[in-house]
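Report on the structure given below.
We count ligands from 1, going down the list as the structure has it; atoms in each ligand are counted the same way.
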Amino acid sequence: MVLQRLRKTRRACQLGLTSGQIGIYNRYIREHEGWEKHLSESRQAIIGAVEVFKPQSICILGSGLLLDVPLEELLSRNINIVLVDLLHPAQIVNKYSSNSLVRFETHDLTGGLIHYLQTTRLKDLNFFTLLNLVSSANAYASNADLVVSLNLLSQLSDIPMEFLRHKKVLTDWQGIELASTIQQKHLESLSKSKSLLITDIMEEFYDDQGKLTATRPTVHVDLSLLTQVQEWLWEFDSAKTYNEDAITKLRVVSGLVNKKG
Ligand SMILES: C[S@@+](CC[C@H](N)C(=O)[O-])C[C@H]1O[C@@H](n2cnc3c(N)ncnc32)[C@H](O)[C@@H]1O
């Protein structure tokens with residue numbers, strides 16, 4: 001029992017569950033200028049979808065610090081807001097928990113992979129068990145009039161994948177296969193509602209002269225089902241703290257996911 005609790009705490013740390021959000025905030029402070037365009041494009045895309053669907057309720061997946069959420073605007077339209085994240089930052093909960101239009105829900109949107117990685121012994125982790133867990137998991141279902149997946153899709157797979165790679169549990173192809181399955185399940189869950197997807201799809205690495213030197217895809221699923229697509233570049237890291245060899249920009253897309261059935 002004590003061992004299990006210790007493992008859970010240690011794994012939360014190794015998975016970077018809290019430090020990830022702190023990292024986002026610190027980078028936002030440092031890179032404020034470069035981030036503002038991305039944050040503003042994300043907020044605009046949400047307002048655009050609100051104008052299309054005129055929802056009375058909205059569910060934001062990956063709400064985190066709300067940097068990219070036009071929360072005051074949504075509140076001024078009297079929209080009920082459900083904020084979903086693995087972990088809600090204390091300052092956000094303190095600020096909005098007494099607002100009757102705002103509700104917080106805590107879910108692992110991988111369908112339980114994070115909990116599994118936190119509680120399972122390393123020697124019991126293997127590709128086929130993980131793939132089976134992700135493929136058969138029940139996806140989170142929202143009954144809100146509009147669902148927004150907000151700068152989350154690549155994170156959903158990156159957080160477990162970084163840990164599994166570091167612990168050498170998966171080979172490269174197994175990592176990509178598992179990441180694709182996590183992302184595909186998320187996309188399928190979005191297609192059950194009227195949804196807006198905002199996600200980075202590619203890391204782009206630049207040298208000091210502004211020349212593109214390399215790229216790495218962050219999304220491994222087909223996004224051709226999106227409509228009303230917009231695309232922009234997120235000036236993510238100019239200080240080379242993310243990749244010490246290059247300035248990193250992220251290619252981001254937003255688009256409506258058409259409801260199936
Ligand atoms: C890049 S942030 C999105 C930006 C966020 N809206 C903000 O302003 O901070 C990704 C968010 O997804 C959340 N997240 C990552 N993996 C998750 C998972 N498996 N289930 C639910 N939320 C997750 C993180 O906690 C984080 O708050």
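A 4.5 Å side-chain heavy-atom check between Y206 and K249 finds at least one atom pair inside the cut-off. Proximity of L83 to H88: side-chain heavy atoms (C-beta onward) are separated by under 4.5 Å at one or more points.
Aromatic ring orientation, H38 versus W232: tilted (interplanar angle from 30° to 60°). Between Y28 and Y25, the ring-plane angle classifies as tilted under the 30° and 60° cut-offs. Relative ring orientation between W35 and W234 is described as perpendicular, the plane-to-plane angle rising above 60° on a 0-90° scale split at 30° and 60°.
Residue L156 has no N or O atom closer than 3.5 Å to an N or O atom of ligand 1. Checked by distance only, ligand 1 and L152 stay at 3.5 Å or farther apart across all their nitrogen or oxygen atoms. At under 3.5 Å, not a single nitrogen or oxygen of I24, backbone or side chain, sits near a nitrogen or oxygen of ligand 1. Where the criterion is an N or O separation shorter than 3.5 Å, residue side chain and backbone included, L67 meets it with respect to ligand 1. Distances between N or O atoms of V69 and those of ligand 1 include no value under 3.5 Å. Annotation: D68 places an N or O atom under 3.5 Å from an N or O atom of ligand 1; distance criterion only. Inclusion of L65 in the set of residues having an N or O under 3.5 Å from an N or O of ligand 1 is warranted. By the 3.5 Å distance cut-off applied to N or O atoms, D85 is counted among the residues near ligand 1.
Heavy-atom contacts of L66 reach the following atoms of ligand 1: 7 (C), 8 (O) (cutoff under 4.0 Å). For ligand 1, the atoms closer than 4.0 angstrom to any heavy atom of I159 are 15 (C), 16 (N). Counting atoms of ligand 1 from 1 in the listed order, those under 4.0 Å from a heavy atom of H107 are 20 (N), 21 (C). Atoms of ligand 1 lying under 4.0 Å from at least one heavy atom of G64, given by number and element, are 9 (O), 27 (O). The distance from ligand 1 to the heavy atoms of N151 drops below 4.0 Å at these ligand atoms: 1 (C), 2 (S), 3 (C), 10 (C).
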For R251 and E204, run salt bridge (Lys or Arg N to Asp or Glu O under 4.0 Å): C-alpha distance rounded to whole Å, both residues' side-chain angles, the deciding distance at 0.1 Å, then the answer.
-> CA-CA 7 Å; R251 189 152 292 280; E204 297 186 355; 2.7 Å; yes
Start with the C-alpha distance between K185 and S135, add both sets of side-chain angles, then the distance that settles side chain to side chain contact (heavy atoms under 4.5 Å, CB included), and finish with yes or no.
-> CA-CA 7 Å; K185 289 279 287 190; S135 316; 5.5 Å; no
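Looking only at heavy atoms of the protein, atom 19 (N) of ligand 1 is closest to D108 OD1, 2.9 Å.
Separation of atoms NZ (K123) and CZ (R121) is listed at 4.0 Å; rounding is to 0.5 Å.
With a heavy-atom cut-off of 4.0 Å, V84 does not touch ligand 1 at all. Heavy atoms of Q21 found under 4.0 angstrom from ligand 1 belong exclusively to the side chain.
A salt bridge links D158 with R216: at least one charged nitrogen is closer than 4.0 Å to a carboxylate oxygen.
R103 contributes no side-chain N or O that, together with a main-chain N or O of S97, makes up a donor-acceptor pair within less than 3.5 Å.
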